[in-house]
Amino acid sequence: MLRLYDSAHGELRALRARDDGKLSIYLCGPTVYDVPHLGHGRHALVWDVLRRWCTFTGLEVRFVSNITDVDDKIINRAAKEHVSEREIATRYEEAWFAALDRLGVARPSAVPHATHYVDEMVTLIEDLLARGAAYPLDDGVYFDVTKVPDYGLLAGQALESLRAGARVESRDDKRSPLDFALWKFAKPGEPSWMANFGPGRPGWHTECVVMALDLLGEDFDLHCGGLDLQFPHHENERAQAVALGRPFARHWAHHGWVMSGEEKMSKSLGNFTTLDELLAEHDPRAYRLLVLRSHYRSPVDVTPETLADAERALARLDALARRFALAPSLRDGMVVASARAWRGDAAALYDAVRADLDEDLNCPAALAKLFDALSSANARADRGEEGPARELAEAINVLAGALGLELLVSNDEIDPATTKLVRARDKARAKKEWSRADELRAELEALGWTVEDSSAGTVVRRA
RNA sequence: GGCGGCGUGGCCGAGUGGUUAGGCAGGGGCCUGCAAAGCCCCGUACUCCGGUUCGAAUCCGGACGCCGCCUCCA
């Protein structure tokens with residue numbers, strides 16, 4: 001049974017699903033007004049790993065993640081570029097999925113777009129108005145946070161203390177400075193939808209609550225996202241559901257930041273690296289490995305050094321794949337459990353990895369087990385224990401794949417000129433012409449190949 | 001001001017009352033024509049000060065330092 005830290009209760013809790021054998025997850029997706037950065041990458045990777053692992057262990061996972069395609073930031077950008085909001089949203093949604101595809105993040109089961117759910121949002125706001133949990137002002141409809149007795153649950157603070165700390169410049173006529181806009185009345189030139197309380201557009205917090213309830217139903221299992229969304233976004237989603245008397249997420253989980261040096265990486269600080277910039281220089285798997293090597297709730301420091309470190313660790317995994325000629329594990333997307341038939345060391349490895357992941361998704365500990373096993377597989381092969389070594393290597397391959405980390409045997413195209421050099425070198429080595437063999441190796445390396453000798457002769461791959 | 005997190009060996013990073021985390025880098029060795037890959041061995045770390053305990057990096061108290069949330073943010 002998977003236990004996860006539940007942000008609403010501040011403790012580890014068994015993830016008890018509404019329906020046996022199934023898991024419903026909602027992840028707040030991006031507001032598509034700019035290209036994704038490393039923080040978005042971690043956000044996507046962390047929950048991709050959870051989803052993959054749960055799928056691997058036999059759960060049927062429904063994973064919903066939205067696209068916020070109407071928002072102030074999209075409107076502002078559209079105005080700046082003199083193009084439509086729709087054009088901005090489409091452009092950056094494409095950029096989002098392009099980057100996530102490269103990271104090997106599986107597409108969600110469903111990707112609701114806020115603009116397709118406006119009618120449902122209007123209905124929800126009408127309901128809140130009817131219940132007296134919302135009230136109109138001249139620029140929009142607001143939610144009355146005092147109508148939710150445990151408002152502040154996710155913030156970990158009582159309403160009073162939140163109010164005292166409120167830094168937001170507040171309209172005097174809001175009942176509480178923490179009241180938030182459910183609906184913003186239309187301003188000239190902005191996209192708007194009809195509603196009997198006045199034309200306008202939905203507030204962000206209303207979008208997610210509607211889409212989550214519509215696609216996953218009441219009392220769905222897990223709502224996750226970044227720590228920065230815990231308050232106020234998730235608090236406010238929940239508040240609306242509570243005010244409506246509709247059970248919302250059973251569990252809440254939040255992941256930590258990507259740090260750039262000592263600071264949180266964020267748009268507002270302007271210290272972010274885009275995913276495209278990262279992927280131009282690094283194997284996407286290296287970023288996944290780097291992310292997996294810290295606990296999802298801790299900050300992860302992304303620097304050239306930590307990336308290089310992850311790349312070299314990845315090279316060891318690939319070397320294992322080469323040695324045992326392992327087949328790619330992700331050919332069909334998700335790896336589904338094949339661990340039941342495992343015996344011996346492979347079974348023990350699976351148990352150990354599962355124990356780590358079951359305890360709040362402890363990926364760093366699980367990876368440590370995989371690396372232990374990697375050494376063990378190589379050592380056994382060195383000793384000539386081919387069978388057990390191979391079984392273990394294959395288990396490592398499958399388990400890494402279950403985390404979305406695919407081990408790869410390089411399949412570089414080898415051009416005729418290179419083949420010629422390789423053959424010449426093998427010939428020289430056969431005749432024990434060592435200096436000639438070394439010259440040819442240097443030539444190959446100058447052409448960008450990594451050269452290794454094996455029992456089958458010279459093997460090259462792209463450095 | 002309120003709330004929360006963190007401080008582990010050269011670097012990254014788990015753990016959390018007694019037992020090797022793991023990776024990267026470094027040193028030594030084996031293998032190899034030499035390399036590469038791989039294997040073996042090695043460093044014996046937990047911010048500081050008190051306390052609890054047979055025993056604390058791990059619990060409690062305090063100090064110092066760093067970070068975050070309370071405003072858009074993954």
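Here is the naming used below: chain letters follow the sequence lines, and residue numbers restart at 1 for every chain. Here the structure is a predicted model, which means the values were calculated and not measured.
- The side-chain hydrogen bond (donor to acceptor under 3.5 Å, both in side chains) search around A:W53 returns none, not counting sequence neighbours.
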Pairs counted only when both distances fall under 3.5 Å, Watson-Crick or G-U: show me the 5' to 3' dot-bracket for RNA chain B, [ ] for pseudoknotted crossings and | for other-strand partners.
(((((((..(((.....[...))).(((((.......)))))....(((((..]....))))))))))))....

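- Residues A:D358 and A:R354 are paired through a salt bridge, judged by an N-O separation under 4.0 Å between the basic side chain and the carboxylate.
- Within residues 435-448 of chain A, the residues approached by RNA chain B to less than 4.0 Å at the level of any non-hydrogen atom are A:D438, A:R441, in residue-number order.
- Partner of A:S7 under the side chain to side chain donor-acceptor pair (under 3.5 Å) criterion, out of A:H234, A:H251, A:H254: A:H254 alone.
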Which pairs of donor and acceptor atoms, one on a side chain in residues 370-381 of chain A, lie under 3.5 Å apart (sequence neighbours left out)?
from: A:N378; atom 1: OD1; to: A:R323; atom 2: NH1; distance (Å): 2.9
from: A:N378; atom 1: ND2; to: A:L374; atom 2: O; distance (Å): 3.4
from: A:R380; atom 1: NE; to: A:E385; atom 2: OE1; distance (Å): 3.4

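- Spacing of C1' atoms, B:A21 relative to B:A45, comes out at 13 Å, to the nearest Å.
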Atom pairs under 3.5 Å, N or O on each side, protein against nucleotides 43-46 of chain B: can you list them with distances?
none

Side chains of residues 395-402 of chain A: which donor-acceptor partners sit under 3.5 Å, not counting sequence neighbours?
from: A:N397; atom 1: ND2; to: A:A327; atom 2: O; distance (Å): 2.8

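- Using a 4.0 Å cutoff on non-hydrogen atoms, the parts of residues 378-410 of chain A near RNA chain B are A:N378, A:A379, A:D382, ordered by number.
- Under the rule for a side-chain hydrogen bond (donor to acceptor under 3.5 Å, both in side chains), A:E94 has no partner lying at least two apart in sequence or in another chain.
- Contacts of A:R77 with the nucleic acid, taken as non-hydrogen atoms under 4.0 Å apart, are absent.
- Residues passing the side-chain hydrogen bond (donor to acceptor under 3.5 Å, both in side chains) test with A:R201, sequence neighbours excluded: A:D72, A:E190.
- Residues satisfying the side-chain hydrogen bond (donor to acceptor under 3.5 Å, both in side chains) test with A:Y287, not counting sequence neighbours, are none.
- Take A:R390 and apply the side chain to side chain contact (heavy atoms under 4.5 Å, CB included) test, not counting sequence neighbours, and it matches A:F324, A:E394.
- For the C1' atoms, the distance linking B:G23 with B:A14 amounts to 11 Å, nearest Å.
- Ion pairing between A:E439 and A:R425 fails under the 4.0 Å rule for side-chain N and carboxylate O.
- Atom name P, nucleotides B:U58 and B:U47: the rounded distance is 8 Å, in whole Å.
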B/S/- contact track for nucleotides 11-24 of chain B, protein heavy atom under 4.0 Å:
-BSSS-----BSBS

